[in-house]
Amino acid sequence: MKKILILNGPNLNLLGRREPTVYGHRSFDDYLAELRRQFEGRAELSYFQSNHEGDLIDRLHEVGFGGVDGVVLNAGAYTHTSVALHDAIRAIEVPVVEVHISNVHQREEFRHHSMISAACRGVICGFGLDSYRLAIEAMV
Ligand code: DQA
């Protein structure tokens with residue numbers, strides 16, 4: 001049974017209420033319950049969300065040396081800005097898969113570049129909340 005941390009960055013606590021035309025109407029708590037049912041017996045899913053860059057880095061450090069088997073990371077807007085997250089992903093030993101709900105390449109130009117992709121094991125974007133399931137499948 002794989003241990004996987006889902007790590008969500010800024011504004012993702014507002015899923016379901018935030019720009020529903022882009023991110024959908026479903027809360028992450030509701031989706032997480034479904035994910036846990038889907039992966040029962042295959043993966044143990046833990047979850048952490050923070051609006052603060054340093055908290056995300058601290059959590060990567062905490063789990064990054066064998067605490068979990070992999071991390072599914074939606075870094076939100078920090079994706080496009082954070083050298084510190086890039087370095088944290090490189091610093092740890094467990095693989096990180098970058099996910100995005102929206103297809104960032106169809107959106108504003110400032111979302112086209114990711115500071116973290118080069119440090120990640122892979123990238124999945126544009127499949128709505130299903131991006132998380134696909135990333136977990138890849139990890140499992
Ligand atoms: C996002 C895309 C980012 O550009 C944005 O800042 C987010 C969410 C996504 O899941 O589509 O907060 O990571």
Side-chain angles (χ1 to χ4, degrees):
M1 181 113 134
K2 298 277 187 200
K3 282 188 184 170
I4 292 168
L5 169 67
I6 299 171
L7 190 54
N8 269 348
N11 302 307
L12 292 164
N13 53 313
L14 295 181
L15 281 180
R17 288 187 288 165
R18 170 195 186 195
E19 296 184 83
T21 52
V22 179
Y23 299 111
H25 289 275
R26 196 165 185 190
S27 74
F28 200 79
D29 281 350
D30 184 49
Y31 177 62
L32 184 59
E34 182 189 321
L35 266 184
R36 285 188 167 132
R37 278 194 299 275
Q38 283 179 353
F39 284 96
E40 217 173 310
R42 291 206 293 151
E44 193 183 302
L45 305 178
S46 53
Y47 176 61
F48 182 73
Q49 187 276 333
S50 177
N51 295 318
H52 305 279
E53 191 175 12
D55 288 347
L56 299 170
I57 293 166
D58 286 344
R59 191 52 68 107
L60 287 171
H61 293 178
E62 276 164 34
V63 301
F65 297 90
V68 294
D69 297 299
V71 177
V72 170
L73 171 63
N74 185 345
Y78 290 139
T79 304
H80 315 296
T81 62
S82 181
V83 176
L85 266 176
H86 172 109
D87 287 349
I89 296 163
R90 279 217 193 278
I92 63 175
E93 288 170 358
V94 307
V96 176
V97 174
E98 174 185 350
V99 305
H100 301 285
I101 298 163
S102 62
N103 181 346
V104 286
H105 302 287
Q106 286 177 341
R107 301 182 62 195
E108 303 96 321
E109 205 168 326
F110 67 84
R111 295 184 204 277
H112 296 181
H113 182 68
S114 167
M115 297 298 293
I116 64 172
S117 295
C120 287
R121 178 74 178 74
V123 182
I124 296 175
C125 83
F127 295 97
L129 286 171
D130 212 30
S131 295
Y132 291 89
R133 182 188 63 79
L134 293 166
I136 297 164
E137 283 291 356
M139 289 273 180
V140 167

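We number each residue from 1, following the sequence as shown. Because the structure is a prediction, the values reported are computed rather than measured.
- Going from atom NE2 of H25 over to atom CZ of R17 covers 13.5 Å, rounded to the nearest 0.5 Å.
- The closest donor-acceptor contact from the side chain of S131 to the backbone of C125 lies at 3.5 Å or more, if one exists at all.
- To the nearest 0.5 angstrom, I92 atom CD1 is 12.0 Å from D87 atom CG.
- Grouping the Ile, Leu, Val, Met, Phe, Trp and Tyr side chains by contacts below 4.5 angstrom, directly or via other members, places V140 with L129.
- Judged by distance alone, the side chain of Y78 and the main-chain N or O of N51 form a donor-acceptor pair under 3.5 Å.
- In this structure, R121 and V96 have side chains that are not in contact, with every pair of non-hydrogen atoms separated by 4.5 Å or more.
- Using a distance-only test at 3.5 Å, with no hydrogens or angles considered, no donor-acceptor pair links the side chain of N74 to the main chain of N8.
- Nearest heavy-atom pair, G41 versus M1, reported as atom, atom and distance to 0.1 Å: C-SD, 3.5 Å.
- In summary, the side chains of S114 and E98 do present a donor paired with an acceptor at a separation below 3.5 Å, with no hydrogens or angles considered.
- By the 4.5 Å heavy-atom criterion applied to side chains, R18 and L12 are counted as neighbours.
- Taking CD1 of I89 as the start and CD1 of I116 as the end, the distance is 4.5 Å to the nearest 0.5 Å.
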### Query
Given R133 and D130, is the salt bridge (charged side-chain N to carboxylate O under 4.0 Å, His left out) satisfied, shown in steps?
CA-CA 5 Å; R133 182 188 63 79; D130 212 30; 2.7 Å; yes

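- A 4.5 Å side-chain heavy-atom check between V94 and L5 finds every atom pair outside the cut-off.
- Between the side chain of Q49 and the main chain of G9, a donor-acceptor pair closer than 3.5 Å is present.
- A 4.5 Å side-chain heavy-atom check between S50 and R59 finds every atom pair outside the cut-off.
- Residues V22 and Y31 share a hydrophobic cluster, clusters being chains of Ile/Leu/Val/Met/Phe/Trp/Tyr side chains in contact below 4.5 Å.
- Taking all atoms of both residues into account, the shortest heavy-atom contact from H86 to A118 is CE1-CB, 4.2 Å.
- Closest heavy-atom contact between M139 and P95: CE-O, 3.5 Å.
- Between E137 atom CD and R42 atom CZ the span is 4.5 Å, to the nearest 0.5 Å.
- In this structure, the side chains of I4 and F39 stay at 4.5 Å or more apart for every pair of heavy atoms.
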### Query
When you look at V72 and I124, which way does the side chain to side chain contact (heavy atoms under 4.5 Å, CB included) test go after all the steps?
CA-CA 10 Å; V72 170; I124 296 175; over 6 Å; no

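- Taking the six-membered ring where tryptophan is involved, the planes of H105 and H112 are tilted, since the angle between them lies from 30° to 60°.
- Neither side chain, D29 nor Y47, offers a donor N or O lying under 3.5 Å from an acceptor on the other.
- In this structure, R37 does not pair ionically with E40, as no charged nitrogen and carboxylate oxygen lie closer than 4.0 Å.
- Both F65 and V71 are assigned to one and the same hydrophobic cluster, defined by single-linkage of ILVMFWY side chains at heavy-atom distances under 4.5 Å.
- Both L73 and I57 are members of a single hydrophobic cluster when ILVMFWY side chains are connected at heavy-atom separations under 4.5 Å.
- When side chains are defined from C-beta on, Y132 counts as touching I101, because their heavy atoms get closer than 4.5 Å.
- Here the closest heavy-atom approach between residue V104 and residue H80 is recorded as CG1-CE1, 4.4 Å.
- Separating the CG atom in L56 from the CG atom in L85 is a distance of 6.0 Å, to the nearest 0.5 Å.
- The line from CG of L45 to CD of Q38 is 9.5 Å long, rounded to the nearest 0.5 Å.
- No side-chain heavy atom of F127 sits under 4.5 Å from any side-chain heavy atom of V99.
- Every pair passing salt bridge (Lys or Arg N to Asp or Glu O under 4.0 Å) that includes a residue from residues 100-118 is listed here, sequence neighbours excluded: E108-R111.
- For the pair T79 (side chain) and G76 (backbone), a donor-acceptor distance under 3.5 Å is present.
- Under the 4.5 Å side-chain contact rule for hydrophobic residues, L15 and L35 share a cluster.
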